[in-house]
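To start, the structure itself, in structure tokens.
Every chain is numbered from 1, with letters handed out A, B, ... down the list of sequences.
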There are 2 protein chains.
Amino acid sequence: MSTVRGARERARIEVTAAIKDEAKKQLAAEGAAKLSLRAVARELGMASSAIYRYFPSRDELLTALIVDAYDSVGEIAEAAHRTACADAATHLARWVAVTCAVRDWALAHPHEYALIYGSPVPGYTAPQATIGPASRVGFVLIAVVTDACRTDGLALPPLADDLRAEAERMSADLAPGLPPEAAAPLIAAWSQLFGLISFEIFGQFHRVVEAKEVFFREAVTELARTVGLLGARNGARATAGKG
Amino acid sequence: MSTVRGARERARIEVTAAIKDEAKKQLAAEGAAKLSLRAVARELGMASSAIYRYFPSRDELLTALIVDAYDSVGEIAEAAHRTACADAATHLARWVAVTCAVRDWALAHPHEYALIYGSPVPGYTAPQATIGPASRVGFVLIAVVTDACRTDGLALPPLADDLRAEAERMSADLAPGLPPEAAAPLIAAWSQLFGLISFEIFGQFHRVVEAKEVFFREAVTELARTVGLLGARNGARATAGKG
DNA sequence: TTAAAAGCAAGAGCACTGCTCTCATTCTTG
DNA sequence: CAAGAATGAGAGCAGTGCTCTTGCTTTTAA
């Protein structure tokens, strides 16, 4: 399957990559709203109509860029997790390392960040192809907490009654190694992490937060506590896991 | 100043309002990306060029809509706060009431929500006119916590050293009635609130969270605890305020 | 009251967009 | 080698934001 069968197929994947590369350049320079198929074609020296042999519409091109962006930030998070584990860092330190890596990526690629964590551009339902890459960062966070649960246990309050069923479904579907009372706080922390980053990237913190770096570190450390990671500044509430 | 001086001025504000109304309709129907000046003009039976007498550019129209959206959600939050106070609700209940009201508004007006809390559309810097309305929700949250601090005190961990200067500036600039150790957690909770809402509105919770309502209530209750509100499920850590 | 000034609507037009055709060319395959 | 599929180029359609000029109406000042 991976063998390139002829010059035509080889050319096709090359041109496809060239289009995506040029589109990424324009995305980084001007943002998704101003990404133009004609401009991409112009820059590549081809007729605008020829692009449609590779991407059936502008939205399909954007979807491809979305997938790449998700993969990009996912890889960053996974790499940060790997090095933190290799350094035998505490679970709290791993959490902070991963979240800070995601923030750094967002600061370095604001338009790509906006593309995936801002308002959805094409329609309202994300294409099926994006949901896999979109969960990579989340799975890294799950891995950090799952490891912590196995070795140290988690400090978490008991589960609220009206959330029990949902929490059990969550832990079964998404994080099999995690007790139900850890699932909901972790999902919440996941979304709240991107609330912190979005407000910084989108300028909502303008004239509100100035020492953004330390503010972020402090906030994600507190977030670590809400997902039950020990060593996060104050003592345990009720320890679960470590079985 | 508020006297309408002639038929011309009266007509001007009427036409301006009509343009904004029609634009809001299109915004609600199709989203900001597909808002078209020509379509607005067409619907209003006027030449497209005539719109430019009222809004110098499409981005200026969008800015006007942004301000209106901020005011809309701000009013909702303030109203929820007022009724909760009138009902003599606990401070925790007020926090939950305000945050749930904001979420309800977002669910009812997803495109307007995306306009103000999604990727910034025009450029990267929000126009000066938006920063006032943009802070209304934040000020309501500040009011809730400030009231709680005055009557019950707050349960908050001590301030981290590297955050002290920033926290003191924050509380001085934004929340004079609040101790510094409350400022940073409150700003963080403010952004994290919109992280929760954004993930729900933008579809990131698809197949992840299903009981969205109870999940949100539980998450903002936990958020209330991180800003020091008492009665939020578990005991105090160190009480500040109440002086 | 009348003349000048200012505000306004309309139309034409420019440069641009996404996208769809047709037509010629090139590569692949039976 | 010939049939057929894939590709590229160009013209063209309908739409966009925005500008400019041309008349007209309302306001303001003499």
Side-chain angles (χ1 to χ4, degrees), chain A residues 1 3-20 22-27 29-66 111 115 120-123 127, chain B residues 1 3-20 22-27 29-66 111 115 120-123 127:
Chain A
M1 265 301 174
T3 60
V4 177
R5 318 215 332 171
R8 191 153 244 174
E9 284 191 27
R10 185 188 304 262
R12 180 168 188 86
I13 61 179
E14 261 175 33
V15 174
T16 306
I19 292 173
K20 285 210 305 192
E22 180 56 37
K24 272 178 208 171
K25 266 191 212 168
Q26 293 193 16
L27 179 67
E30 296 271 20
K34 296 198 175 171
L35 193 155
S36 145
L37 278 185
R38 290 182 112 111
V40 170
R42 214 177 300 131
E43 212 65 28
L44 261 50
M46 50 166 40
S48 66
S49 56
I51 299 247
Y52 290 86
R53 300 280 178 198
Y54 299 89
F55 295 94
S57 76
R58 197 192 99 114
D59 284 357
E60 293 278 330
L61 212 197
L62 272 178
T63 301
L65 297 186
I66 287 172
H111 286 112
L115 188 62
V121 191
Chain B
M1 265 301 175
T3 59
V4 176
R5 316 217 330 173
R8 188 151 247 173
E9 285 191 26
R10 186 187 305 262
R12 181 169 185 84
I13 61 180
E14 261 176 33
V15 174
T16 306
I19 292 174
K20 284 211 306 195
E22 180 56 37
K24 273 178 208 171
K25 267 191 211 167
Q26 293 194 15
L27 179 66
E30 296 271 21
K34 295 198 176 172
L35 192 154
S36 146
L37 279 185
R38 289 183 114 111
V40 170
R42 213 178 301 133
E43 212 64 27
L44 261 49
M46 51 170 26
S48 65
S49 54
I51 299 245
Y52 290 86
R53 298 276 174 194
Y54 300 89
F55 295 94
S57 75
R58 198 191 99 114
D59 283 357
E60 293 279 329
L61 212 198
L62 272 178
T63 301
L65 298 187
I66 287 172
H111 285 111
L115 188 62
V121 190

At 4.0 Å (heavy atoms only), tell me whether Y54(B) reaches a base, stays on the sugar-phosphate, or touches nothing.
sugar-phosphate

Between P on dG7(C) and CD1 on I13(B), what's the gap in Å once rounded to a whole number?
17 Å

State, to 0.1 Å, how close F55(A) and K20(A) come at their nearest heavy-atom pair, and which atoms those are.
CZ-CG, 3.7 Å

Find the distance K34(B):NZ to dA14(D):C1' and express it as a whole number of Å.
15 Å

Distance, rounded to the nearest Å, where I51(B) contributes CD1 and dC18(D) contributes P
11 Å

State, to 0.1 Å, how close A23(B) and L35(B) come at their nearest heavy-atom pair, and which atoms those are.
O-CD1, 3.6 Å

Every protein N/O within reach of nucleotides 20-23 of chain C N/O, cut-off under 3.5 Å:
none

Along DNA chain C (nearest heavy atom to each residue), the more 5'-positioned of S36(A) and G45(B):
G45(B)

Interatomic distance where CD belongs to E30(A) and P belongs to dC16(C) [whole Å]
14 Å

Report yes or no: is there a donor-acceptor pair, N or O only, under 3.5 Å between the side chain of R8(A) and the base of dT28(C)?
no

By nearest heavy atom, map V15(A) and L35(B) onto DNA chain D; which one lands nearer the 5' end?
V15(A)

Between atom CG in L37(B) and atom C1' in dT16(D), what is the gap in whole Å?
9 Å

Starting from P on dA5(D), measure out to CD on E9(A) and report it in whole angstrom.
16 Å

Under the 3.5 Å rule, do the base of dG17(D) and the side chain of R38(B) count as making a donor-acceptor pair?
yes

Between CG of L44(A) and C1' of dG8(D) the distance, given in whole Å, is 13 Å

Should R12(B) be listed as having a side-chain N or O under 4.0 Å from OP1 or OP2 of dC8(C)?
yes

What nucleotide among dG17(D), dG8(D), dA10(C) has an atom nearest to a side-chain atom of R58(B)?
dG17(D)

Please enumerate all residues that pass side chain to side chain contact (heavy atoms under 4.5 Å, CB included) together with E30(A), with sequence neighbours excluded.
K34(A)

Below 4.0 angstrom from OP1 or OP2 of dG7(C), is there any side-chain N or O of R10(B)?
no

Considering only heavy atoms from C-beta outward, does the side chain of E9(A) approach that of I13(A) to under 4.5 Å?
no

Using atom CG of L61(A) as one end and atom P of dC19(C) as the other, report the distance to the nearest whole Å.
10 Å

Interatomic spacing from CG in L27(B) to CD in E22(B) - rounded to 0.5 Å:
11.5 Å

Give the table of side-chain donor-acceptor pairs shorter than 3.5 Å for residues 37-53 of chain B, with sequence neighbours excluded, one pair per line with atom names and distance.
none

Check whether any side-chain heavy atom of R12(A) lies under 4.5 Å from a side-chain heavy atom of R8(A), and answer yes or no.
no

